[in-house]
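Below: the structure, in structure tokens.
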Amino acid sequence: MESQLAEVRAALSQSGESTFEGAKAKAELVVQELNNVTLNIAVTGVTGAGKSSFVNALRGVKDGEEGAAPTGVEKSTMTPTMYRHPTMPNVNIWDLPGIGTESFSAREYIEKVNFNTYDFFLILTSTRLREYDIMLAKEIEKNKKNFYFIRTKVDQNVDAEKRKGKTEEQTLSLIRNALEEKSSDFGSARIFLVSSWELHKFDFNKLICVLEIDLPDNKRNAVNQSLPVYSMEILDKKFNTFKKVIWVVAFASGAVGAIPVPGVSAALDFPMIAGFLTKCYFSFGLNEKSLTKLSDRVNKSMLAKIHESKLIKVIAARSMACLAVELSSYLASEGLEAELKVVPILGSVTGAVLSFSTTLLVLRKGLDELYRAAKKVVKMAGID
Ligand SMILES: Nc1nc2c(ncn2[C@@H]2O[C@H](COP(=O)(O)OP(=O)(O)OP(=O)(O)O)[C@@H](O)[C@H]2O)c(=O)[nH]1
Ligand SMILES: [Mg+2]
């Protein structure tokens, strides 16, 4: 009981409000924002820079797969094409037409591609930065949006230079210096070296960290939640993001003020809890489609079968009834069912506190279990 009260106090202070009612009202706003936020990412650059491949990598979709952006000699992108995230319908990644061969200016280009649609721009190049890329960056800056230079295909350079005796570090620093020289007006913090084949290597993580700093609060989480699980680092980042919003979900679930009656389900808002855990499940890449894709990528056929978590099974089956039973077992394992039964006698304030801390407990235990399973997958896949 003591530790539960401490947790309730911590959640209340996290909300920045002094009363349950205030925290609940604030949480409802945050949940609304989280659900309604849309993120539009523009990927631009010269023809062949690797835009479509990068779009596919961000969405965790394999080149050539159904719904993937066409890449390579297959087809060139002629108009802005929106690709929805496979599991987060509010995150859109735009594959913009290749630039620079046409005769229009950077200013005309941003008008043509509907500048206002996007939250920020990624300007890709697989070689050096051209005058046109710099002009485009200046135009974007003038219109008060953020841009980032992405040097793609660095895996190719590293391999080629290795054959000439250069280390990876030497090659990366040569590439970086050349780009920095060309873009000195903007400072080095805007340049990121990546490979769409190996997101876990080079500067991709740095890019995500910078995006998280640059984006407004309500859009920040959408970035890391939408990324495929390509390393343990990104999985940990996702986990921490979810952990931070648990208080919001608990307050918004309506547990505050409810007087729990004997029996667990009356005190818990299952649809809200299920919604949260389902988000975590997709974001952690635990759905069958993501697991199959990862299995293919790392060439390990057993990944889809390695977790036996009952929680994952009931989330996959979308059965609210089975989920309710599963989550109730968390409470039973903590001896909480018995405690709930005495609550009505204790009066509504203690009831509210208990009910709230019970919701927190279920959310935390559920999140921990999904995180454990995802960690196991990452380890088995050998991408930790
Ligand atoms: N080694 C390596 N090759 C890449 C990478 N990204 C893209 N490529 C290859 O580069 C070629 C061009 O990639 P695309 O993604 O089609 O380039 P694009 O910028 O969309 O081209 P357009 O649509 O014609 O403007 C393809 O053959 C890709 O397979 C990468 O990170 N590493
Ligand atoms: Mg393309």
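Note that ligands are numbered from 1 as they come in the structure, with each ligand's atoms numbered from 1 the same way.
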For residues 272-287, run the donor-acceptor check on the side chains, cut-off 3.5 Å, and write out each pair with its distance to 0.1 Å, sequence neighbours left out.
residue: T278; atom: OG1; partner: A274; partner atom: O; Å: 2.6
residue: K279; atom: NZ; partner: N35; partner atom: OD1; Å: 3.0
residue: S283; atom: OG; partner: Q225; partner atom: O; Å: 2.9
residue: S283; atom: OG; partner: K238; partner atom: NZ; Å: 3.2
residue: N287; atom: OD1; partner: S290; partner atom: OG; Å: 2.8
residue: N287; atom: ND2; partner: S290; partner atom: OG; Å: 3.4

Would one find an N or O of K51, backbone or side chain, under 3.5 Å from an N or O of ligand 1? yes
Would you call D155 a ligand 1 contact, heavy-atom distance under 4.0 Å? yes
For the pair D133 (side chain) and R130 (backbone), establish whether a donor and an acceptor sit closer than 3.5 Å, ignoring hydrogens and angles. yes
Establish, yes or no, whether a centroid distance under 6.0 Å links the rings of F186 and F149. yes
Proximal candidate to atom 14 (P) of ligand 1 [heavy atom criterion; set S126, P97, S53]: S53
For S52 and ligand 1, does the shortest N/O to N/O distance drop below 3.5 Å? yes
Please determine whether the number of non-hydrogen atoms from other residues, nucleotides or ligands lying under 6.0 Å from atom CD of E65 exceeds 12. yes
Are K142 and E139 close enough for a salt bridge, meaning some N to O gap below 4.0 Å? yes
Atoms of ligand 1, numbered as shown, that sit under 4.0 Å from any heavy atom of A49: 19 (O)
Close N or O approach (G50, ligand 1; < 3.5 Å): yes
Between the side chains of T241 and N224, does any donor sit under 3.5 Å from an acceptor? yes
Using a 4.0 Å heavy-atom threshold (strictly under), name the region of T47 that reaches ligand 1: side chain, backbone, both or neither. both
Taking 4.0 angstrom as the limit and counting only heavy atoms of T71, give me the atoms of ligand 1 inside it, by number and element. 15 (O), 16 (O)
S195 heavy atoms, cut-off 4.0 Å: which ligand 1 atoms fall inside? 31 (O)
Is the distance from the Mg ion (ligand 2) to the nearest N/O/S atom of S53 under 2.8 Å? no
Name all residues meeting the side-chain contact (heavy atoms from CB on, under 4.5 Å) criterion together with L12; count only those two or more places apart in sequence or in a different chain, and write none if there are none. S15, A23, F251
Can a donor-acceptor pair be found, under 3.5 Å and without considering hydrogens, that links the side chain of R151 to the backbone of I191? no
Is the closest N or O pair between F54 and ligand 1 shorter than 3.5 Å? no
Is W197 in polar range of ligand 1, meaning some N or O pair under 3.5 Å apart? yes
